[in-house]
Number of protein chains: 2
Amino acid sequence: MVATARRIQQACSHCSVAHLCLPYSLDPVEISRLESQISFDRSVTAGDQLFAQGDQLKALYAISKGSFKTAVVDANGLEQIMGFYFPGDLLGLDALGEQTHQCTATAIENAAVCRLPFHQLEGLLTQLPSLRSRLMRLMGQALTDDEQQLLAMGQKNSEGRLATLLLNFSRRRAMRNLDSTTVYLNMKRADLANYLGMRVETISRVLGHLQSQGILDRKRKEVKILDLAALHTRAGSTAWVADD
Amino acid sequence: MVATARRIQQACSHCSVAHLCLPYSLDPVEISRLESQISFDRSVTAGDQLFAQGDQLKALYAISKGSFKTAVVDANGLEQIMGFYFPGDLLGLDALGEQTHQCTATAIENAAVCRLPFHQLEGLLTQLPSLRSRLMRLMGQALTDDEQQLLAMGQKNSEGRLATLLLNFSRRRAMRNLDSTTVYLNMKRADLANYLGMRVETISRVLGHLQSQGILDRKRKEVKILDLAALHTRAGSTAWVADD
DNA sequence: CGATTGTTTGAGGAATATCAATATGTGTGG
DNA sequence: CCACACATATTGATATTCCTCAAACAATCG
């Protein structure tokens, strides 16, 4: 019984985040061809790496449960957290160019992923034009996401960047039909700080500030958004010109 | 005579930056098929837009002469310069996902571009797998470039970011077999400042500082790199911890 | 429950933004 | 070709954000 139930769940067609994931816009036949190549729901322990910067591309991974961070290290040893990823997100896209992973993906908490061997995926690419265009679209989105983050880093102050991240997480929860008034900052403050280009102390202070203004309410890693409009205002504020 | 000479130059196979551009890694037959779709060396006046954010994707553009900047504007009206582009660079890649341009491309100086109608290009994509993989690689590079810039924005101080940009421009000149000890900052200070997430005054001061240290020598927009090693050191310096 | 790791709070300082003034460059009409 | 007007770049003085360092507090794990 349990085994049967699991088998049923282990298919894109029954996945609650398929609309965010690779299958989106594929027809049922195409999806079943895709499914035949996937190994579903492989569990990943918190702290484990899915792949590391420099690794040869062997597979793409779709998150089915939990969350991940990606990071790059440059020649000088500087590390930058590049993003946080949730169920339905695809990991490994940045390896499609050079066939080599350009970042390291690490599980933030216990997680599970669906593994898409690249060999088989590449075969499907020529046979399924819609899969190719889907992959291109996902790469384009990754590009756009990076550019949004660049805009935040260049044009917004600490409060604006943090508010932007909270709204981003909120929106992504909404896309997963989860309560978008609550977000979970499960990653370490240090990772969040690195991602946002600020110090952990500043994160604390800004969160405290937003809470004291009645915009947020937090308990532990859980952050409740009380005043969405105000948060949007803060997120849109340009750098170095606080409107208080 | 002149016309003949121009005709000969108007082909990827005779282009001095073909190794950076789309044809790279294509064989002669494939290149000639590509060439047949291109309209070469269309001139663009300084300040003109090649395409604007929101425009439908009609073509990709390869720069044959001059330089361009790209910029995005977000919902709050904040503008971010996303990059600067030189001969051999391809413009419009970020439209491949949504079939809509995600940024605006503007000529910094009088320039010329080769135009690749997307319709025809898309047709070639299915026929020439090497072209598809080339395009994917270029998208991957765009992604990596954005990530390098994100790292600079998050981890480096003003001097580090500016030094990083100078080295970036220098390296790109080297790839074009140009003198890599000289770079040209042809864009306005305001664009440079926006791109680097700082103010024009800070650019002036940092450039002045680097010059007073004997690392740079500038006259007008031309910047000569006198001490490459020192510039690398500055570029690698982390934010907020200057090593003087 | 102690040790270790991660988070928050406080005081002071450094980097860089802002504002103001000057200098330099660029285009235009006479 | 010059002179004027306007745009752009530099320099100086001050203000502000956010980092740094230090310490207390909280959570996690054996």
Side-chain angles (χ1 to χ4, degrees), chain A residues 45-47 69 78 81 106 108-110 152-165 184-212 216-223 234 237-244, chain B residues 45-47 69 78 81 106 108-110 152-165 184-212 216-223 234 237-244:
Chain A
T45 307
K69 65 179 178 186
L78 294 178
I81 304 294
T106 308
I108 287 173
E109 57 200 321
N110 289 336
M153 297 290 281
Q155 309 301 327
K156 297 178 185 179
N157 61 15
S158 293
E159 189 179 70
R161 298 206 293 279
L162 184 46
T164 300
L165 174 124
Y184 295 87
L185 302 179
N186 287 334
M187 65 293 300
K188 292 186 187 130
R189 283 277 185 279
D191 286 337
L192 206 49
N194 177 300
Y195 177 69
L196 294 172
M198 52 210 227
R199 302 281 114 165
V200 292
E201 296 94 327
T202 306
I203 304 243
S204 264
R205 285 187 245 271
V206 172
L207 282 176
H209 186 231
L210 290 175
Q211 177 156 38
S212 75
L216 301 179
D217 186 32
R218 13 167 217 157
K219 34 177 91 92
R220 294 175 173 290
K221 293 170 176 306
E222 180 184 326
V223 177
R234 304 312 174 102
S237 74
T238 61
W240 317 302
V241 185
D243 55 349
D244 223 0
Chain B
T45 307
K69 65 179 178 185
L78 293 177
I81 303 293
T106 308
I108 288 173
E109 56 200 322
N110 289 336
M153 297 291 281
Q155 309 301 325
K156 298 177 184 181
N157 60 15
S158 293
E159 189 179 71
R161 298 206 293 278
L162 184 47
T164 300
L165 173 122
Y184 294 87
L185 302 179
N186 286 335
M187 65 295 298
K188 290 187 187 129
R189 282 278 185 276
D191 286 337
L192 206 49
N194 177 299
Y195 177 69
L196 293 172
M198 52 210 224
R199 302 281 115 162
V200 292
E201 296 94 327
T202 307
I203 304 244
S204 265
R205 284 187 246 271
V206 173
L207 281 176
H209 186 232
L210 290 174
Q211 177 157 37
S212 75
L216 301 179
D217 185 32
R218 17 169 211 152
K219 35 177 91 94
R220 295 177 172 289
K221 295 170 175 307
E222 179 184 325
V223 178
R234 304 312 173 99
S237 75
T238 62
W240 317 304
V241 185
D243 56 349
D244 224 1

All N/O contacts under 3.5 Å from nucleotides 23-28 of chain D to the protein, with atom names and distances to one decimal?
none

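- Contact of the Asn194(A) side chain with the Gln155(B) side chain is registered, since non-hydrogen atoms from C-beta on lie closer than 4.5 Å.
- Shown are Leu196(B), Ile203(B), Thr202(B); of these, the side chain to side chain contact (heavy atoms under 4.5 Å, CB included) with Ser158(B) is made only by Thr202(B).
- For the pair Arg189(A) (side chain) and Val200(A) (backbone), a donor-acceptor distance under 3.5 Å is absent.
- Looking at heavy atoms from C-beta onward, Leu162(A) lies in side-chain contact with Met198(A) at the 4.5 angstrom threshold.
- Closest to the Glu201(B) side chain, of the nucleotides dT8(C), dA9(D), dT18(C), is dT18(C).
- Taking Glu222(B) as the reference, nothing meets the side-chain hydrogen bond (donor to acceptor under 3.5 Å, both in side chains) condition, with sequence neighbours excluded.
- The base of dT18(C) lies close enough to the side chain of Arg205(B) for a donor and an acceptor atom to sit less than 3.5 Å apart.
- Taken to the nearest 0.5 Å, the OH atom of Tyr195(B) stands 14.0 Å off from the NZ atom of Lys69(B).
- The nearest whole Å value for the distance from the NE2 atom in His209(A) to the P atom in dT9(C) is 13 Å.
- Using modelled atom types, no side-chain atom of Arg161(B) and backbone atom of Ala152(B) make a donor-acceptor pair closer than 3.5 Å.
- Using a 4.5 Å heavy-atom threshold, the side chains of His209(B) and Arg234(B) count as touching.
- For Ser204(B), taking side-chain heavy atoms from C-beta onward, the closest of the listed nucleotides dA20(C), dA9(D), dT16(C) is dA9(D).
- For Arg218(B), the side-chain atoms get nearest to dT10(D) when compared with the rest of dT10(D), dT20(D), dT16(C).
- Here the nucleotide nearest the side chain of Met198(A), chosen from dT16(C), dT8(C), dC19(D), is dC19(D).
- For the pair Ile81(A)/Met187(A), no side-chain contact is recorded, criterion being any heavy-atom separation below 4.5 Å from C-beta on.
- No N or O donor and acceptor, one from the side chain of Glu159(A) and one from the base of dC18(D), sit under 3.5 Å apart.
- Considering only side-chain atoms of Thr202(A), the nucleotide from dT7(C), dC18(D), dT9(C) that sits closest is dC18(D).
- A rotation axis mapping the C1' atoms of four pairs onto the next four is fitted at both ends of the helix from dC1(C)-dG30(D) to dG30(C)-dC1(D) over five pairs, and the angle between these axes is 50° to 10 degrees.
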